[in-house]
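For reference, the structure discussed in these notes is given below.
The structure presented is a predicted model; accordingly, all values stated were derived computationally and were not measured. Letters A, B, ... are given to chains in the order of the sequence lines, protein chains preceding strands, and every chain is numbered from 1.
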Amino acid sequence: MSLHVEAQVPERGLDLALDLPAGRTLALVGPNGAGKSSLLALLGGDLRPARGEVVLGGRVLTSVRPGGRTVQVPAHARRVATLGQEAHLIPHLTALGNVAFPLRARGVPRRDARARAHELLAEVGAADLAERRPGRLSGGQQQRVAIARALAADPELLLLDEPMSTLDVDAAAEIRALLPRFLEGRSAVVVTHDVLDAITMAHDVLVLEGGEVQDRGPTADLLARPRTAFAARFAGLALLHGRAGAAPTAGGVAEGAGAVDPTGVPGTDQDAALRLPTGELIQGRRSGDLREGDPALAALRPAAVTLAPSTGDRTAGTVLARTVTGLEPRGDLVRVRTADLEADLAPEAVAAGTLRPGSDVRLLVPRDAVTIYPAR
Amino acid sequence: MTSTLPRWAWPPALFGALFVLLPLAAVLVRVDPSTFLALISAPSSLSALRLSLVTAACSTVLCLLLGVPLALVLSRSRIPGPALSLLRALLLIPLVLPPVVGGLALLFTVGRQGLLGGPLQALGLQVAFSTAAVVLAQTFVALPFLVLTLEGALRSTGGGAERAAAALGARPTRVLLGVTLPGVLPALASGTVLSFARALGEFGATITVAGSLEGTTRTLPLEIYLLRETDPDAAVALSLLLVLVALVVILLAHRRARG
């Protein structure tokens with residue numbers, strides 16, 4: 001079912017509008033306190049906006065507007081099911097009883113409800129758990145049962161509020177493998193902190209910050225070309241702000257500070273440059289229409305950045321001189337932070353003790369690792 | 001397992017246990033086994049026991065009918081915090097009020113000159129000094145026990161499962177019967193037993209609002225109090241009976257609460 005939301009909740013600083021076409025999954029990302037939970041509460045009916053509406057498949061679930069009749073369909077009649085961090089199974093019912101519960105609530109006869117519940121449990125790989133009570137299920141098993149139960153309710157909108165966040169790595173992987181299949185063809189909103197969830201489950205990503213929609217787009221698009229610091233961090237990219245620079249001249253050597261092109265490969269129309277506020281020109285690949293002087297962004301993978309060698313490197317790119325502001329472990333790499341740029345370097349590079357906060361560093365940003373695109 | 005219990009806690013704890021058990025033992029040794037059965041099966045005794053059991057049962061049912069919704073409202077409603085705290089405090093007054101004062105308050109409510117005396121009389125109802133007054137007095141003092149026990153349990157459990165059940169399409173009544181109440185069954189059972197026990201032992205409020213009419217309002221505690229001077233042996237025998245009933249009730253509650 002298609003979803004339309006428009007809501008203002010001043011006491012939570014929420015002011016947003018969004019549309020979700022039927023059958024699509026939207027990943028909702030944003031820092032803590034951005035309003036993700038408030039948005040879910042609005043959809044589920046736990047929160048009433050000061051002004052706005054929630055329309056699901058043509059059914060008005062919430063409507064609050066001056067002069068109009070206030071509508072707030074109660075939770076049980078909204079057909080919006082939530083899969084949260086906690087499974088919230090009914091403790092005194094078996095797994096089967098829990099899955100049968102929404103069917104029984106809809107008036108399905110006991111025998112039919114149990115038969116359907118058995119099917120659903122089998123679909124989530126929990127057939128052997130049917131007679132167990134929630135107290136005797138692991139966290140991952142509880143979430144499996146909760147998924148089967150949510151499906152039994154046959155919701156028109158499914159809300160996923162980080163259902164993997166309290167699970168251990170293996171259990172989370174199992175649930176993660178299950179979910180895309182169940183989201184197929186359903187309208188769903190998935191709150192997540194994990195870029196992998198967005199990639200595997202969501203058609204679109206919506207970035208919520210400070211109660212407002214900061215960015216929104218098809219998942220691949222948004223992850224490749226983030227427009228906010230949060231979205232860039234979510235996508236695992238470093239984001240540089242600036243203005244579109246002059247297209248590099250043939251021969252590929254840009255006039256920017258420290259630009260190098262030892263390969264001598266001629267520039268193409270795929271090439272672009274970004275003028276940083278520092279005046280430096282960083283080279284990269286164009287994505288979208290860029291006009292010189294317009295606000296633009298450059299996104300790059302920190303792991304592609306290396307220490308600039310003194311001589312003899314064959315990589316085309318830009319050398320930027322920076323001062324280290326911080327170091328932190330990042331998997332098997334070391335993240336080197338500077339005022340505007342982040343680089344993930346091999347531990348050997350910093351092992352000699354030459355890199356520490358305050359030390360100067362020359363970073364080589366390969367041209368192929370940088371995507372340059374308009375800011376709007 | 002290592003105990004962190006300080007050794008000095010033992011003597012006062014033992015003394016505390018003795019403090020409770022010794023008087024009970026005193027009753028036990030004072031009872032003459034040869035006359036016990038005869039004394040407790042005297043017509044006046046049996047009538048008092050019957051009245052006690054019947055009125056306490058009625059009061060317990062009333063407590064459930066009124067107390068369960070009260071506990072639900074106190075724990076689940078959206079009444080703002082301060083108003084709710086005040087309401088809870090007021091409702092628990094019978095718990096700290098001397099029962100005699102409770103009885104007087106009831107008398108001023110349903111008595112001939114009381115707040116509702118006029119309307120009740122117009123309906124041809126004479127509540128004060130009737131069996132109904134006994135039930136009223138017992139319910140008044142016993143209700144807080146049920147509300148307190150149940151509300152505590154409701155507060156500490158169930159919110160998440162209830163909201164989940166609602167989102168899955170269950171109407172409020174189904175959520176209540178299918179999720180909420182089954183979740184607090186042990187507390188409901190012990191609250192019920194506690195209020196039954198409190199109703200069974202009621203004395204002060206009863207004698208004030210219902211008086212002491214044999215067969216109508218003279219419950220077992222009242223009978224014991226009256227016999228205390230005229231027939232101490234009978235009083236002791238009936239006391240033991242009440243202790244035994246209380247013991248059965250407590251054991252039942254304990255088993256339910258665990259199971």
Counting distance alone, with no hydrogens or angles, which donor-acceptor pairs between chain A and chain B are under 3.5 Å?
unit_1: A/His76; atom_1: N; unit_2: B/Ala166; atom_2: O; d: 3.4
unit_1: A/His92; atom_1: NE2; unit_2: B/Gly178; atom_2: O; d: 3.1
unit_1: A/Arg104; atom_1: O; unit_2: B/Arg174; atom_2: NH2; d: 3.3

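With sequence neighbours left out, B/Phe203 forms a ring-ring contact (aromatic ring centres under 6.0 Å, His included) with B/Tyr225.
Interface check for chain A: of the options B/Ala167, B/Ala166, B/Gly183, the most heavy-atom pairs under 4.5 Å are formed by B/Ala166. For the set A/Pro102, A/Pro155, A/Ala87, A/Gly44, the count of heavy-atom pairs under 4.5 angstrom toward chain B peaks at A/Pro102. Among B/Pro172, B/Gly169, B/Ala164, the residue with the largest count of heavy-atom pairs under 4.5 Å with chain A is B/Gly169.
Between B/Ala161 and A/Pro91 the shortest heavy-atom distance is CB-CD, 4.5 Å. In plain terms, the two heavy atoms of A/Ala153 and B/Leu168 that are nearest each other are CB-CD2, 3.6 Å.
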